[in-house]
Engineer: 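Below you will find the structure I want to go over with you.
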Amino acid sequence: MNRLASATSPYLLQHADNPVDWWPWGAEAFAEAARRDVPVLISVGYAACHWCQ
C-alpha cells in the first residue's frame with residue numbers, strides 16, 4: 001500500500017502511484033519500522049525534469 005496519495009508535497013505526489021510501500025515522514029513510519037525491525041530508507045527529495053537529466 002502506498003500512503004502518499006493524500007500528500008500535499010508535489011514531490012511526494014509524483015510517487016503516489018509507485019508500487020512501493022512508501023510512508024510519509026513521521027512518527028507512524030518510524031514506529032512501523034521499529035515494530036518490523038527494518039531500516040528506514042529516506043528519500044532526499046531529488047527530482048529533475050527531462051531537460052536536466
Side-chain angles (χ1 to χ4, degrees):
M1 175 180 185
N2 189 325
R3 293 163 180 81
L4 300 182
S6 61
T8 57
S9 161
Y11 174 75
L12 294 180
L13 288 173
Q14 289 179 24
H15 303 286
D17 294 323
N18 291 170
V20 176
D21 190 14
W22 292 119
W23 288 63
W25 180 270
E28 191 176 70
F30 288 99
E32 178 65 10
R35 184 188 72 76
R36 293 172 47 196
D37 192 27
V38 296
V40 174
L41 302 176
I42 299 172
S43 170
V44 296
Y46 172 78
C49 67
H50 65 281
W51 300 108
C52 304
Q53 294 181 7

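All of these numbers come straight from a predicted model, not from anything done at the bench.
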Engineer: For Val38, what are the other residues in its hydrophobic cluster, where any two members join if their side-chain heavy atoms are less than 4.5 angstrom apart?
Structural biologist: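 Cluster partners of Val38: none, it stands alone.
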
Engineer: Going by side-chain heavy atoms closer than 4.5 Å, which hydrophobic residues are tied to Leu13, directly or by a chain of links?
Structural biologist: none

Engineer: Please name all residues satisfying side chain to side chain donor-acceptor pair (under 3.5 Å) with Arg36, sequence neighbours left out, ordered by chain then number.
Structural biologist: none

Engineer: Which heavy atom of Pro24 sits nearest a heavy atom of Ala29, and at what distance?
Structural biologist: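 Taking Pro24 first and Ala29 second, the nearest heavy atoms are O-CB, 3.6 Å.
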
Engineer: Could I get the full list of side chain to side chain donor-acceptor pair (under 3.5 Å) partners for Glu28, not counting sequence neighbours?
Structural biologist: none

Engineer: Check whether any side-chain heavy atom of Val40 lies under 4.5 Å from a side-chain heavy atom of Trp23, and answer yes or no.
Structural biologist: no

Engineer: side-chain contact (heavy atoms from CB on, under 4.5 Å) with Asn18: which residues, sequence neighbours excluded?
Structural biologist: Asn2, His15, Val20, Trp22

Engineer: State which residues pass side-chain contact (heavy atoms from CB on, under 4.5 Å) with Leu41; sequence neighbours excluded, sorted by chain then number.
Structural biologist: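 In terms of side-chain contact (heavy atoms from CB on, under 4.5 Å), with neighbours along the sequence ignored, Leu41 is linked to no residue.
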
